[in-house]
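What follows is a single structure, written as structure tokens, with notes after it.
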Amino acid sequence: MVKVLFVCLGNICRSPTAEGVFRKLVLEHRLEQQMEIDSAGTHAYHIGEAPDERAQAACARRGIDISRLRGRRAVASDIEKFDYVLAMDRENYENLLEICPPGLESRIRLFMEFATSRAEQEVPDPYFGGAGGFDRVLDMIEDAAQGLLEDIRRARLRA
Ligand code: 4NP
């Protein structure tokens, strides 16, 4: 079992989008029995809430339903449980390091490290921007999700 957690600030825009995109990709590759996928936020603003309507709409346009996800906050035990704890931006990364149990720091990575066709290291926060930001976020997340699945297959599933 390979366990992947996507983390952003609110867990209502970027990380539920990444969870939905990656879940779809894993299903397409019939690897769902070998993966556990979840998302969380570093802050408590939106606990229990459904994803932002704009994120839901952008995902729906690509055939991804994230409407049933609910916001939750990342906790230290998440880093004990998940093999990959993937931060959407550097602020999320720093906030995760602050709650990280000693010795597990290497599980925390920037998600965009896995992108194969772009140089950006952070997924920009679309919350205060226009609707177009959500499509840009999806493009970036789709790229990194592909790279992540390749990395997991190479490093963990063929072992
Ligand atoms: P997310 O976006 O971190 O991608 O879920 C945000 C959601 C809410 C807020 C900021 C970013 N907020 O300030 O409430």
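Numbering of ligands and ligand atoms starts at 1, following listing order.
Taking the centre and axis of the six-membered ring of Tyr127, the NZ or CZ atom of Arg54 falls inside the cone set by 45° and 6.0 Å.
No donor-acceptor distance shorter than 3.5 angstrom exists from the side chain of Asp52 to the backbone of Cys13, with no hydrogens or angles considered. Proximity of a side-chain donor or acceptor of Arg156 to a complementary backbone N or O of Val2 within less than 3.5 Å is not detected.
Between Cys100 and Arg107 there is no side-chain heavy-atom pair separated by less than 4.5 Å. No side-chain heavy atom of Ile152 sits under 4.5 Å from any side-chain heavy atom of Gln34. Using a 4.5 Å heavy-atom cutoff, the side chains of Asp135 and Arg61 are in contact.
Contacts of ligand 1 (protein heavy-atom distance under 4.0 Å) are Cys8, Leu9, Gly10, Asn11, Ile12, Cys13, Arg14, Tyr45, His46, Asp125, Tyr127, Phe128.
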